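Here the structure is a predicted model, which means the values were calculated and not measured.
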Amino acid sequence: MPPNPQDPQHPRDGSPAATLSLAEVEATARAAHAGQTDKAGRPYAEHLRAVAEGVRRRGGDDEQIAAAWLHDAVEDDALTEQWLDGAPLSRRTKDIVLALTKRPGEPPEAYAARILATPGARLVKEADLAHNADPARLAVLDGATRARLTEKYTRMRELLGRPERR
């Protein structure tokens, strides 16, 4: 069972001993997204693992890797913003997760601006986009969905100052 952020053994003073380990963050994310699938019908935890590994491969630190595991948790209502606020995580990890949480009706430009304004968030979003835009993942989707998502991911890369790699 994932650690309970309300547990008094997990103080919120921000000290290193107070923060969840990456293994605990992974377990929390997996439990929060249990039963969820991606657009291709695959277990959602596979996407989270791929994004965390993408962050690691890009030279991300433990705070960014933790944010990668949790990057969709608040947006997908798997965990609440209140949980995140009280969770034994670094302020930077929480800020990255919040930056990556799309708000209803939010224009892509505002979303990208928040990511760019949050230290460490762009690298996590780049790993997320790389996995989302993986041709093997997109190939299993219907043509209309594939085209819509390809355009969406290309536009976000442009807004983040990272045009599509060819």
Inset, instruction - Please lay out, stage by stage, how Val25 and Leu70 fare under the test side chain to side chain contact (heavy atoms under 4.5 Å, CB included). - result: CA-CA 8 Å; Val25 171; Leu70 298 170; 3.8 Å; yes

Do you know which two heavy atoms are closest between [X] and [Y], and how far apart they sit?
X      : Y      : value
Thr28  : Leu20  : OG1-CD1, 4.4 Å
Ala68  : Ala52  : CB-CA, 3.6 Å
Leu159 : Ala112 : CB-CB, 3.6 Å
Leu138 : Ala133 : CD1-O, 3.5 Å
Thr93  : Ala66  : CG2-CB, 3.9 Å
Ala45  : Trp69  : O-CZ3, 4.3 Å

Is it the case that the side chain of [X] and the backbone of [Y] share a donor-acceptor pair, with hydrogens and angles ignored and the cut-off at 3.5 Å?
X      : Y      : answer
Lys94  : Ala87  : yes
Gln64  : Gly120 : yes
Arg122 : Leu116 : no
Asp134 : Ala136 : yes
Arg58  : Gly54  : yes
Asp38  : Arg42  : yes

When rounded to the nearest 0.5 angstrom, what is the spacing between [atom1] in [X] and [atom2] in [Y]?
X      : Y      : atom1 : atom2 : result
Lys152 : Thr154 : NZ    : OG1   : 12.0 Å
Arg114 : Leu100 : CZ    : CG    : 8.5 Å
Met156 : Asn132 : CE    : CG    : 11.0 Å
Leu22  : Ile65  : CG    : CD1   : 6.0 Å
His131 : Leu48  : NE2   : CG    : 9.5 Å
Leu123 : Ile115 : CG    : CD1   : 12.0 Å

Inset, instruction - Show your working on side chain to side chain contact (heavy atoms under 4.5 Å, CB included) between His47 and Arg137 and close with a plain yes or no. - result: CA-CA 10 Å; His47 171 64; Arg137 284 187 85 210; 3.6 Å; yes

Check [Y] with [X], please: is the shortest side-chain N to carboxylate O separation under 4.0 Å?
X      : Y      : answer
Arg146 : Asp142 : no
Glu75  : Arg103 : no
Glu53  : Arg49  : no
Asp128 : Lys125 : yes
Glu109 : Arg155 : yes

Inset, instruction - Could you walk me through whether His33 and Asp72 pass the side chain to side chain donor-acceptor pair (under 3.5 Å) test, one step at a time? - result: CA-CA 9 Å; His33 289 279; Asp72 281 333; over 6 Å; no

Inset, instruction - May I ask you to check whether over 12 heavy atoms, not counting those of Glu81, lie within 6.0 Å of atom CD? - result: no

Inset, instruction - Going by the side-chain contact (heavy atoms from CB on, under 4.5 Å) test, name the single residue among Val74, Asp76, Ile96 that passes it with Thr101. - result: Val74

Legend entry - Working for side chain to side chain contact (heavy atoms under 4.5 Å, CB included), residues Arg92 and Asp95: CA-CA 5 Å; Arg92 182 167 172 251; Asp95 288 345; 5.6 Å; no

Inset, instruction - Using the side chain to side chain contact (heavy atoms under 4.5 Å, CB included) rule, take Leu149 and Thr145 through it: C-alpha gap first, then chi angles, then the decisive distance, then the call. - result: CA-CA 6 Å; Leu149 292 176; Thr145 301; 3.8 Å; yes

